[in-house]
Amino acid sequence: MATPVKVYGPTLSTAVSRVLACLLEKDVQFQLLPVNMAKGEHKKPDYLKIQPFGQVPAFQDEDITLFESRSINRYICDKYSSQGNKRLYGTNPLEKASIDQWIEAEGQSFNPPSSILVFQLAFAPRMKIKQDENLIRQNEEKLKKVLDVYEKRLGDSQYLAGDEFTLADLSHLPNIQYLLNGTDRSELFTSRKNVERWWGEISDRESWKKVVEMQTSPPPS
Ligand SMILES: N[C@@H](CCC(=O)N[C@@H](CS)C(=O)NCC(=O)O)C(=O)O
């Protein structure tokens, strides 16, 4: 049996959960290694050897070490191409290019405002950090513009890169999960009927339901 790959970081991290969703889609055995961020373990020299920016996740597969959740996911799909969901990262250059295009849109356009909103609206209150109302307002406006593009796209196709659920859709799951369930901004999504339909489909996958379960009852660290 293949050695399980290793994922370093807490399940509550959006970037960690992006990788977990991919591993579950691909039926890849993994081991979760806790990183106590409250104690600053992600900034310690040993951890910086595998994630030089001091962020989670870090990932190890035998002697390969990687960071950046979206790159890790592409690697998982390529390395484990013959198992699990075989359409997750496309089957030909054109499909892959379309998936990559929407992964880039997620990373460059969707993630910047949504991760700020996730931090300000979901995490800051729990961490007793004062919210920045201006920052919230500005990023809500930015996210609305991005979601208007998604609304149009998802009126033309079932998923972002076409008629199949792919890494592009999967990459959006963590931030939307928090914005819909951990904040009072769900209307951003529910007011756009194609986006709402898409969210219903992508969040109903067994892989994502399992990640959410891991987040709500994480293993003892
Ligand atoms: N682009 C990176 C982002 C990773 C990231 O921002 N991780 C956050 C947790 S979700 C983190 O480690 N924050 C702590 C820090 O930046 O010091 C990825 O996708 O892996």
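Just follow the structure's listing: the first ligand is 1, and inside any ligand the first atom is 1.
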- Face-on cation placement of Arg126 at Phe123 ring, 6.0 Å and 45° thresholds: yes
- Message: So, using side chain to side chain donor-acceptor pair (under 3.5 Å) as the criterion, who are the partners of Glu140 when residues are at least two apart?
- Response: Arg185
- Query: So which pairs with a foot in residues 51-70 pass side-chain hydrogen bond (donor to acceptor under 3.5 Å, both in side chains), sequence neighbours left out?
  - Reply: Tyr8-Gln60, Arg18-Ser69, Asp61-Tyr75, Asp61-Lys79, Asp61-Tyr80, Arg70-Glu106
- Message: Suppose we measure from atom 20 (O) of ligand 1 to each protein heavy atom; which comes out shortest, and what is that distance?
- Response: Ser69 N, 2.9 Å
- Item | Atom indices of ligand 1, in the order listed, that fall short of 4.0 Å to a heavy atom of Ala15 | 4 (C), 10 (S), 18 (C), 19 (O), 20 (O)
- Query: Nearest protein heavy atom to atom 3 (C) of ligand 1, by residue and atom, and its distance?
  - Reply: Gln55 OE1, 3.7 Å
- atom 5 (C) of ligand 1: which of Val35, Val19, Asn73, Val56 has the nearest heavy atom? Val56
- Message: Is there a polar contact, in the sense of an N or O pair closer than 3.5 Å, between Thr14 and ligand 1?
- Response: no
- Message: At less than 4.0 angstrom from any non-hydrogen atom of Ser13, what atoms of ligand 1 do you find?
- Response: 9 (C), 10 (S)
- Message: So that I know where these two stand, are Phe59 and Phe67 an aromatic pair - ring centroids less than 6.0 Å apart?
- Response: no
- Message: Could you tell me, atom by atom, which parts of ligand 1 come under 4.0 Å of a heavy atom of Pro57?
- Response: 20 (O)
- Message: Could you check whether Arg205 makes a cation-pi contact with Phe165, meaning its NZ or CZ is under 6.0 Å from the centre of the six-membered ring and within 45° of the ring axis?
- Response: yes
- Item | Nearest-option assignment for atom 11 (C) of ligand 1, heavy atoms, candidates Glu68, Met37, Arg70, Lys43 | Met37
- Message: What I want to check is whether the side chains of Tyr89 and Asp100 have a donor and an acceptor closer together than 3.5 Å.
- Response: yes
